[in-house]
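In each ligand, atom 1 is the first atom listed, and ligand 1 is the first ligand listed. Nothing here was measured: the structure is a model prediction, and the numbers come from that model.
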Amino acid sequence: MDFEKEFSKMKEGNTFKYFYKGKWCESNTGKTITLRNPYNNEIVGNIQSCNKEEADEIISCAKENVACWSDTPINERAEVLRKAADIMTEYSKDLGEILMKEIGKPLNSAISEILRTADIFNMTAESGTLMGGETIMGDAFEGFTREKISLTYRVPLGVVLCIGPFNYPFNLTGSKIAPALIAGNSIVMKPPTQGAITPLHFGVILEKAGVPSGVFNIITGRGSEIGDYLVSHPLIDMVSFTGSSETGKNLAKVAGMKPLLLELGGKDAAIVLDDADMEITTKAIVSGAFSFSGQRCTAVKRVIPMPNIADELVKRVTNEVTNLSIGDPAESKTIGPLINSKQCDYVQGLINDALDKGALLKYGNKREGNIIWPTVLDNVTTDMRVAWEEPFGPVLPFIRVESVDKAIEISNASEYGLQGMIFTADIDLAFNIAQELEVGTIQINGKSARGPDHFPFLGTKSSGLGTQGIKYSIEAMSRPKVVVMNLTEKGKLIRECRVD
Ligand code: NAP
Ligand code: G3P
């Protein structure tokens with residue numbers, strides 16, 4: 001089918017509507033938000049700026065439609081997810097093109113984001129149908145007998161609010177939608193404003209796949225205007241959020257007593273030991289630090305090398321960085337625009353602060369429009385902001401230390417605790433260091449990354465709350481229901497041990 005024809009009902013001209021009760025609607029506010037391509041500033045489209053009254057209507061509709069969906073047999077819910085995966089795969093190039101335009105992601109990565117989301121839908125369908133409960137006999141506990149039996153199974157939480165970030169706007173909303181649906185919940189999705197258009201397409205995709213009207217709904221508008229209202233709404237039963245630590249911490253304060261799944265910021269450190277494989281380490285660091293111009297929560301954001309290999313590693317990384325392609329996301333250049341000019345100013349501020357305090361510029365520190373050149377800073381010290389703050393841009397600081405213990409100390413001193421990396425040939429030592437690092441995940445001889453998406457993915461400290469990853473997300477979006485059987489002794493067979 002023709003993409004434009006298939007998805008035409010989402011918009012009037014270049015203005016996209018929000019999706020509620022199976023219908024595409026214009027906001028009563030009459031206000032829209034214009035979205036521009038961060039690379040060339042061209043208008044990509046307009047989205048509705050919805051208000052709290054519309055939030056009430058949408059959330060109430062989702063609440064009314066939990067039962068019809070949770071009563072749907074899970075094998076049918078799974079089939080809907082598989083159909084959705086087929087549709088997004090069929091249109092992955094069209095959707096990838098839109099994604100590239102609205103957030104400046106390299107086209108090849110943008111298309112991969114769509115396909116990765118299809119994989120998540122398929123794997124969630126499979127995992128969901130395997131989810132079950134357990135039966136526990138009472139006599140395991142002193143004073144109780146087998147006449148007391150606990151039976152558990154999983155039930156949905158109700159209405160799940162899915163809020164995603166700009167850098168993976170389709171994948172990091174889809175990675176919430178799929179587990180929420182397979183668990184039997186209804187959904188209100190609030191996509192990032194910059195990056196809203198691609199996830200808006202879930203409205204058509206899921207309707208075509210068979211999700212009943214009212215089960216999946218989308219509200220658009222600035223999080224700063226409707227975000228607090230959404231997360232604190234009494235009819236919202238669970239919030240699955242991905243975004244900055246600042247926003248996530250605020251959300252945790254206003255949400256009230258409801259389950260939260262928060263995937264927040266990071267400052268992932270690569271500790272490199274003397275016996276590390278330099279080629280593997282260099283490639284992992286450069287790819288991890290600079291793909292999507294560093295706009296990944298799991299980007300490599302600090303390198304902490306041991307003295308004996310620091311010079312060689314800085315040299316190798318710098319050489320590799322000079323080969324990175326820079327320019328138009330439509331040509332899949334690795335280094336493209338940051339999401340907006342304000343973010344560029346912030347990143348430039350970190351670079352300037354480091355250089356003013358004595359950091360050594362090895363490459364970069366150049367800006368054209370919203371493109372910041374990949375920047376490598378050596379001799380970064382702990383009095384510099386870039387040692388601690390999350391750039392969410394193409395900046396890589398080397399913090400030289402004298403010992404492994406110091407490397408662990410600096411790594412753990414961060415407010416963040418998403419992932420960490422250890423590069424060494426000594427796996428025993430790596431495993432021992434891993435136990436000291438205060439992070440959710442430690443990568444040994446690899447770059448920090450969320451995937452593969454069935455792995456548990458979590459942040460500690462300011463990096464998050466709860467665990468994402470297909471099975472874990474389904475668990476987070478459901479709960480056990482317990483039925484206890486209290487049997488009588490009627491008809492009980494009393495069998496004596498044979499002593500003959
Ligand atoms: P952000 O500014 O925190 O926004 C994230 C989402 O929250 C957006 O949809 C935003 O809406 C919404 N929002 C804003 N204020 C809100 C409020 N008061 N209540 C509820 N929602 C609100 O983050 P971002 O700039 O999109 O993404 C970059 C950040 O996300 C980085 O810090 C990165 O590390 C983090 N991130 C973490 C992960 C992870 O898995 N750990 C993955 C990706 C990104 P608007 O767009 O309308 O403001
Ligand atoms: O910032 C997005 C976060 O989820 C990282 O995903 O797969 O690039 O490590 P990935």
- Message: As a quick check of understanding, evaluate ring-ring contact (aromatic ring centres under 6.0 Å, His included) for Phe202 and Phe170, giving each step before the final call.
- Response: CA-CA 9 Å; Phe202 275 123; Phe170 192 81; 4.2 Å; yes
- Query: Which protein heavy atom lies closest to atom 8 (O) of ligand 2, and at what distance to 0.1 Å?
  - Reply: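 Result for atom 8 (O) of ligand 2: Tyr168 OH, 2.4 Å.
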- Look at atom 3 (C) of ligand 2 and say which protein heavy atom is nearest, naming residue and atom and giving the distance to 0.1 Å.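 Closest protein heavy atom to atom 3 (C) of ligand 2: Cys297 SG, 2.9 Å.
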For ligand 1, does [X] get within less than 4.0 Å through its side chain, its backbone, both, or neither, judged by non-hydrogen atoms?
X	value
Asp228	both
Ser463	neither
Gln295	neither
Tyr168	neither

- Item | Residues Leu418, Thr441; criterion side chain to side chain contact (heavy atoms under 4.5 Å, CB included); working and verdict | CA-CA 7 Å; Leu418 192 58; Thr441 302; over 6 Å; no
If the cut-off is 4.0 Å to any non-hydrogen atom of [X], which atoms of ligand 1 fall inside it?
X	answer
Leu172	42 (C), 43 (C)
Arg222	47 (O)
Gly223	11 (O), 13 (N), 14 (C), 15 (N), 16 (C), 17 (C), 18 (N), 22 (C), 45 (P), 47 (O), 48 (O)
Thr193	45 (P), 46 (O), 47 (O)
Cys297	34 (O), 36 (N), 37 (C), 38 (C), 39 (C), 40 (O), 41 (N), 42 (C)
Ile163	6 (C), 7 (O), 9 (O), 12 (C), 20 (C), 21 (N)
Asn250	18 (N)
Asn167	43 (C), 44 (C)

- Message: Please tell me whether Phe166 and Phe392 form a close aromatic pair, meaning their ring centres lie under 6.0 Å apart.
- Response: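 Distance test on ring centres: under 6.0 Å, yes.
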Check whether [Y] forms a cation-pi arrangement with [X] (NZ or CZ under 6.0 Å from the six-membered ring centre, at most 45° off the ring normal).
X	Y	answer
Arg450	Tyr168	yes
Lys267	Tyr416	no
Lys23	Tyr18	no

Any donor and acceptor pair, going by atom type alone, linking the side chain of [X] with main-chain N or O of [Y] inside 3.5 Å?
X	Y	answer
Asn65	Cys61	yes
Gln48	Ser27	yes
Thr29	Ser49	yes

- Message: With the threshold set at under 4.0 angstrom, would you say Leu172 reaches ligand 2 through any of its heavy atoms?
- Response: yes
- Query: Measuring from the heavy atoms of Gln295, does anything fall under 4.0 Å of ligand 2?
  - Reply: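 So Gln295 does not count as touching ligand 2.
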- Does ligand 1 have an atom that lies less than 4.0 angstrom from a heavy atom of Gly164? yes
- Message: If the contact criterion is a heavy-atom separation under 4.0 Å, does Gly195 count as touching ligand 1?
- Response: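 Contact absent.
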- Item | For Asn167, the ligand 2 atoms whose distance to one of its heavy atoms is below 4.0 Å | 1 (O), 2 (C)
Heavy atoms only: which of [options] lies closest to [atom]?
atom	options	answer
atom 28 (C) of ligand 1	Tyr229, Phe392, Phe241	Phe392
atom 10 (C) of ligand 1	Met189, Lys190, Glu263	Lys190
atom 19 (N) of ligand 1	Gly227, Gly464, Gly266, Ser49	Gly227

- Within 4.0 Å of atom 4 (O) of ligand 1 (strictly less), any protein heavy atom? no
- Query: Is Arg296 in polar range of ligand 2, meaning some N or O pair under 3.5 Å apart?
  - Reply: yes
- Item | Ala449 N/O under 3.5 Å from ligand 2 N/O |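 By distance alone, the answer is no.
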- Under 3.5 Å between some N or O of ligand 1 and some N or O of Ser244? yes
All N/O donor-acceptor pairs, side-chain side in residues 321-339, below 3.5 Å, sequence neighbours left out:
from	atom 1	to	atom 2	distance (Å)
Thr322	OG1	Asn319	O	2.5
Asn323	ND2	Asn319	O	3.3
Ser325	OG	Thr334	N	2.9
Ser325	OG	Thr334	OG1	3.4
Asp328	OD1	Ala330	N	2.8
Ser332	OG	Asn108	N	3.0
Ser332	OG	Asn108	OD1	3.4

- Return the set of residues passing side-chain contact (heavy atoms from CB on, under 4.5 Å) with Asp383 (not counting sequence neighbours), or none when no residue passes. Lys357, Thr381
